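Below: the structure, in structure tokens.
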Amino acid sequence: MTEQKKTVFSGVQPTGAMHYGGYLGAFRNWVALQEDDAYDVIYCIVDLHAMTVPYDPHEFSRRRLETAKMVLALGIDADKSLLYMQSQVPQHAELAWILGTLTPTGVLNRMTQYKDKVEKGIPSSLGLYSYPVLMAADILLFHADLVPVGDDQKQHLEMSRDLAARFNNRFAEVFPIPEPLIPETSARVMSLADPTSKMSKSDPNPKNRINLDDTPDVIRKKIKSAVTDSDPVVRYDIETKPGISNLLEIMSATTGRSIESLSDEFGTGGYGRFKEAVAEAIVAELAPVRMKLEDLDDAEVARILQKGALDARTSAERFQQQVRDAVGLGRIE
Ligand code: AQP
């Protein structure tokens, strides 16, 4: 008997250039899961989520396309994965409303990402506050079993699991309880400019991150200027050497070599030599992505997104009808 395939779902916000933290934390897994026959994979450009922070509509429209292009350049193949734009599948918003009616505000008040964003000056809004409910709807809409994400999404994933269970208890056993897939190493890549905070696209300092479309020279410059400490020994110590520890983790995740073997090789050779090796490893890792990006044509990407939206709507409608029936919003005969 053949086992039923598991469904994988994940998303990326078109809020800025995709970076190497997201690559090691999530996107690399996206590609690996697509190549595994045990899974049906669905990847979404979550543009409705991106509207929860201030944005310029013209720039946003371009970013949506560029994000889809980068996802394809990373190796997502529209013949193997379902790729689409969230706003083109209205069932996401409909399910978010239904799940919102099951979400206690006390649970939302505990969400650290919301609090962090508001502390950083992002205007508080109902959309930003209920972001995790929309994320739960994204995941549950297609009955996802597995969600490849970075460590920063752990709390939101926990809430999606909780909402699936609440729905199943209150109405009917509709949703599987989704599992996060968080890598053991590099689940939280830190900023190159401040290794005590996460590498992120909203950081105003562009030197905090390696963007996936950075040129080799820019990558070399950014790694060279990465913040380190004054003791020149390359060794892992998150407390006293957070910058070097972050680079060791990046290098280890990129090359597959252990932190011990890297410390043995680069230990007393000076930071300059180590940083050069880290930069070259990243440049080599991203070389095929750069090549693919140059080959991709906007019209072809738009066509893939249109087909993806059509397929996603058809599938979402089938699932969503089950939800409507369960909550008492079924067809009136
Ligand atoms: N620093 C990171 N280390 C490991 N994984 C990370 N991810 C993001 N930053 C890191 C994971 O990458 C995916 C990208 O999701 P996203 O771009 O939609 O959202 P995000 O988490 O909001 O990304 P940023 O860069 O942190 O954006 P801002 O600054 O806007 O908050 C997710 O799976 C995420 O876990």
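First listed ligand is number 1; within each ligand, the first listed atom is number 1. As the structure is a prediction and not an experimental result, all values here were calculated from the model.
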F142 and F9 aromatic ring geometry - parallel, tilted or perpendicular at 30°/60° bounds
parallel

Just going by heavy-atom distances, which of S197, A253, A187 is nearest to atom 4 (C) of ligand 1?
A187

Decide whether the shortest distance between a heavy atom of L24 and an atom of ligand 1 is less than 4.0 Å.
no

Under 4.0 Å from any heavy atom of Q153, which atoms of ligand 1 are there?
21 (O), 35 (O)

Which atoms of ligand 1 have any heavy atom of G25 under 4.0 Å away?
4 (C), 5 (N)

Give me the residue, atom name and distance of the protein heavy atom closest to atom 16 (P) of ligand 1.
K201 NZ, 3.5 Å

Nearest heavy atom to atom 15 (O) of ligand 1: which of G11, P14, G22 does it belong to?
G11

When you compare the side chains of Q306 and Y84, does any donor N or O come within less than 3.5 Å of an acceptor on the partner?
no

How far is atom 3 (N) of ligand 1 from its nearest protein heavy atom, and which residue and atom is that?
V189 N, 2.8 Å

Short N/O distance, under 3.5 Å, between S10 and ligand 1?
no

For atom 19 (O) of ligand 1, which candidate among K117, Q13, H19 provides the closest heavy atom?
Q13

Can you classify the ring geometry of F171 versus F167 as parallel (below 30°), tilted (30 to 60°) or perpendicular (above 60°)?
tilted

Between the side chains of K69 and E66, is the shortest nitrogen-to-carboxylate-oxygen separation below 4.0 Å, so that they form an ion pair?
no

What protein heavy atom sits nearest atom 14 (C) of ligand 1, and how far off is it?
F27 CZ, 3.5 Å

Is the shortest distance from a Lys or Arg side-chain nitrogen in E265 or R257 to a carboxylate oxygen in the other one below 4.0 Å?
yes

Can you report which non-hydrogen protein atom sits closest to atom 8 (C) of ligand 1, along with the distance?
K198 NZ, 3.5 Å

Could you tell me whether K222 and D214 make a salt bridge, using a distance below 4.0 angstrom between a side-chain N and a carboxylate O?
yes

Answer with yes or no whether the side chains of D138 and H92 bring together a donor and an acceptor at under 3.5 Å.
yes

Is R188 salt-bridged to E249, cutoff N-O under 4.0 Å?
no

I'd like to know if K6 and D40 make a salt bridge, using a cut-off of under 4.0 Å between side-chain N and carboxylate O.
no

For G150, is at least one N or O under 3.5 Å away from an N or O on ligand 1?
yes

State whether the shortest distance between N or O atoms of M199 and N or O atoms of ligand 1 falls below 3.5 angstrom.
yes

At under 4.0 Å between heavy atoms, what of H49 touches ligand 1? The answer is neither

Short N/O distance, under 3.5 Å, between M190 and ligand 1?
no

Scan side-chain atoms only and decide if N109 and Y129 contain a donor-acceptor pair under the 3.5 Å cut-off.
yes

What protein heavy atom lies closest to atom 5 (N) of ligand 1? Include the residue and the distance to one decimal.
G21 O, 3.2 Å

Would S200 count as being in polar contact with ligand 1, using the rule that some N or O on each side must be under 3.5 angstrom apart?
yes

Counting both backbone and side chain atoms, is some N or O of S202 under 3.5 Å from an N or O of ligand 1?
yes

Ignoring hydrogens, just give me the one of D152, V53, V149, L181 whose non-hydrogen atom is nearest atom 35 (O) of ligand 1.
D152

Does E158 come within less than 4.0 Å of K154, counting only side-chain N to carboxylate O?
no

Is it true that the side chains of D229 and Y271 contain a donor and an acceptor less than 3.5 Å apart?
yes

